[in-house]
Visitor: 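My questions all concern the structure below.
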Amino acid sequence: MKIKLASFLFVGILYSSISLLIAQEVNYEFPKNHSEQNISPYHDKDLLPASFFSNNRKKLRKLMPDNSVAILFSSAVKNRSNDVDYYFHQSPNFYYLTGLREPDAVVLIFKELQEFSNGISTDELLFLQPSGQPDEVWSGKRLGIDGAINYLGVNKAMSVADFLSFNFEFESFDNVFVGKIPKDAIDIDSKIDLFDLIKSVDDKFSRLDKKIDLTTLEGNFLPKLRQIKEKEELSLLSKAIEITCEAQIELMKSLTPMFTEYQTQAIVEFMFKNSGAEHPGFPSIMGSGENTCVLHYTSNRKPLDKNDLLISDIGAEYHGYTADVTRTLPANGKFSNEQKIIYNIVLEAQQAGIEKCVEGNKFWAPHDAATAVITSGLMKLGIIKKREEVTKYFMHGSSHYLGLDVHDAGLFGFLEKGNVLTVEPGIYIPEGSDCDPKWWNIGVRIEDDILITEKTPINLSEKAPRKIEDIENLMQQEGIFKKP
Ligand code: GLY
Ligand code: MN
Ligand code: MN
C-alpha cells in the first residue's frame with residue numbers, strides 16, 4: 001500500500017510538474033486591451049497582437065543586409081468553378097509579416113527608412129484593397145487602409161491602385177529580395193488584383209539591370225525566423241493541439257466498427273469546429289484496413305470492418321496554427337496480437353525519437369533513432385531480412401516543423417529552443433508484401449507534437465493516449481457519438 005501510495009504521489013508530482021512546465025513554456029497572456037486591437041467582424045479575442053507582426057518585420061530587417069528591400073505577395077483567391085472559390089488561405093509568410101488575412105495585396109519591407117520623392121517617409125509599405133467598396137456586399141467588409149494601420153500596426157498602408165504608380169527606384173538597392181510569386185493569380189477586369197500587382201512588379205523589374213533575389217527570403221530568412229515559436233504562437237498552437245487531442249479522445253470513446261471512415265471524420269471535425277477551430281489544417285486522414293497503408297489517404301469512403309485498424313491523422317487549425325496528431329485505433333476496441341506487436345514497435349520507435357528532441361541535436365536525430373528501433377523490430381519478426389529493407393515498410397521521414405503550415409517552414413539544421421516538430425514513425429505492410437500474410441494490411445502511425453526547450457522535450461499532444469492499455473480502456477467508455 002505504501003509503495004502504491006508513493007508511486008501514486010510520484011506520478012502525481014511528475015504530472016503536475018510536466019503541466020507546470022507546459023504552462024510556463026506556452027502560456028501567453030494576450031494584452032488586456034487586445035480585444036480593442038481586433039477587428040469587430042472577427043470577434044475572436046485571442047488573435048495575435050499587432051506587436052507580434054511588427055516584431056517579425058523588425059526581426060526580418062535584422063537579417064537583411066544594408067540597403068535592401070523585401071517584397072512579398074499575398075496568396076491568390078483560387079477559383080473552384082464558375083462563381084465559387086475555394087476558402088481563402090493566406091500565404092503563411094505574408095501573414096507572419098503583416099497579419100493581413102485578405103487576398104490581392106503586396107508588402108514592401110525596407111532595411112532602412114526611405115524618403116520617397118512623393119514625400120512619404122517609411123520603412124514599410126503595405127498595399128491592400130481599400131474598404132467601402134460595392135463588392136463588399138458579396139464577401140464582407142475589408143480591413144482597409146486605416147484598419148491596416150490601426151489593427152495590424154503597419155507604419156504606412158496604401159491602396160493597391162497606388163502601387164501601380166509608385167516609383168520605387170529598385171535600381172538604387174544593393175539587394176532586392178522577392179518572395180514566391182504566386183502562379184495562380186487570375187486577372188479580374190473589375191479591380192486591381194494580385195495579377196495586376198505581379199504584372200506591375202514584373203514591369204518594374206524588367207527595367208532593372210541587377211538580378212533580383214528570388215530564393216533567400218522564403219528559402220532562408222523566413223524559415224530561420226518561423227522555426228522559432230514565440231510565446232503568443234505557442235499559445236495558439238497549443239490550443240490547436242489541445243482541440244485535436246480532444247477530438248482523438250472523443251473518437252476513441254465513440255468508435256465502433258459500424259462507422260464508415262467518413263463518419264469518423266465527421267466526429268473529429270465536429271469536435272474541431274465545436275471548439276472554435278476554423279478548419280482542419282490539412283485534409284483529415286481516416287484510413288482503415290488496407291487504407292492504413294496509404295500515407296496521405298483522404299477519400300475516407302470505406303466502411304470499417306471489425307478487424308480493421310483505423311489511422312486517424314488529424315489537425316485542427318486555430319487562428320492559423322495547425323496541430324498534427326495521429327493515433328491508430330482498433331475498430332472493435334481491442335488490438336489483435338499481430339496489431340499489438342507492430343503497434344508497440346512503432347510506439348517504442350516514437351519514444352526513442354522523442355528522447356532525441358533535444359536542443360543541439362540534428363533535426364534528423366529523432367528520425368534516425370526511430371528508424372533504428374523499427375529496423376531491429378522488423379528484423380526480429382522476420383518481416384525484413386536486411387536492415388536496408390526497412391524503407392519498404394517505413395518510407396517517410398518521422399519529423400517536420402509545425403506552425404502556420406502543417407509542414408512548417410524551417411531550416412532542418414540543428415534543434416533549437418522554440419522549435420515545434422512532429423515525431424511520427426510508422427510501419428505499413430500492404431497486402432501482397434513479401435512476408436507472412438498475417439501481417440498484411442497492418443498500418444500503424446503514431447504522431448505527437450514536440451516542443452524543444454532548454455531542458456527536456458515537452459510533448460504538447462500528451463493528452464491523447466498512446467499506450468495500448470490506455471487506448472483500450474478509453475474505448476470502453478461511452479462517447480457522445482457512440483452507435484448502439
Ligand atoms: N498529416 C500529415 C503528416 O503527418 O505529415
Ligand atoms: Mn505530420
Ligand atoms: Mn499527421
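Everything numeric here is computed off the predicted structure, so don't read it as measured data. What you see below is based on every heavy atom in this structure, not just the backbone, and it leaves out hydrogens, waters and symmetry mates. Counting starts at 1 for both ligands and their atoms, following the listed order.
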Visitor: Is Arg61 salt-bridged to Glu124, going by a charged N under 4.0 Å from an acidic O?
Guide: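 Salt bridge between Arg61 and Glu124, a charged N being under 4.0 Å from a carboxylate O: yes.
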Visitor: Has the side chain of Ser91 got a donor or acceptor atom that lies under 3.5 Å from a matching backbone atom of Phe94?
Guide: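 Flag set: sc Ser91 to bb Phe94 pair under 3.5 Å.
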Visitor: With hydrogens left out, which residues have an atom under 4.0 Å from ligand 1, given that only heavy atoms count?
Guide: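 Within 4.0 Å of ligand 1, the protein residues are Phe282, His296, Asp313, Asp324, His400, His407, Glu424, Glu447.
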Visitor: Decide if atom NZ of Lys362 counts as having more than 12 heavy atoms of other residues, nucleotides or ligands within a radius under 6.0 Å.
Guide: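 Incorrect, the count does not exceed 12.
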Visitor: Using only atom types and a distance under 3.5 Å, with no angle test, would you say the side chain of Thr98 pairs donor to acceptor with the backbone of Leu100?
Guide: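 A pair under 3.5 Å: yes.
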Visitor: State whether Tyr401 and Arg226 meet the cation-pi test: NZ (Lys) or CZ (Arg) under 6.0 Å from the six-membered ring centroid, and within 45° of the perpendicular axis.
Guide: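 So Arg226 doesn't make the cation-pi contact.
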Visitor: Would you list the protein N, O or S atoms within less than 2.8 Å of the Mn ion (ligand 2), leaving out water?
Guide: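 Short answer, with waters excluded from the count: Asp324 OD2, His400 NE2, Glu424 OE2, Glu447 OE2.
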Visitor: May I ask you to say whether Lys302 pairs ionically with Asp308, meaning some side-chain N is under 4.0 Å from a carboxylate O?
Guide: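 Between Asp308 and Lys302 there is a salt bridge, with a charged N closer than 4.0 Å to a carboxylate O.
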Visitor: For Asp368 and Thr371, what are the C-alpha separation, side-chain angles and deciding distance, and is it a side-chain hydrogen bond (donor to acceptor under 3.5 Å, both in side chains)?
Guide: CA-CA 5 Å; Asp368 294 342; Thr371 305; 5.3 Å; no
Visitor: Any donor and acceptor pair, going by atom type alone, linking the side chain of Asn93 with main-chain N or O of Leu222 inside 3.5 Å?
Guide: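 Answer holds: no.
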Visitor: Cationic tip of Lys340 within the cone over Phe335's six-membered ring, i.e. under 6.0 Å and within 45° of the normal?
Guide: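 Lys340 over Phe335 ring: no.
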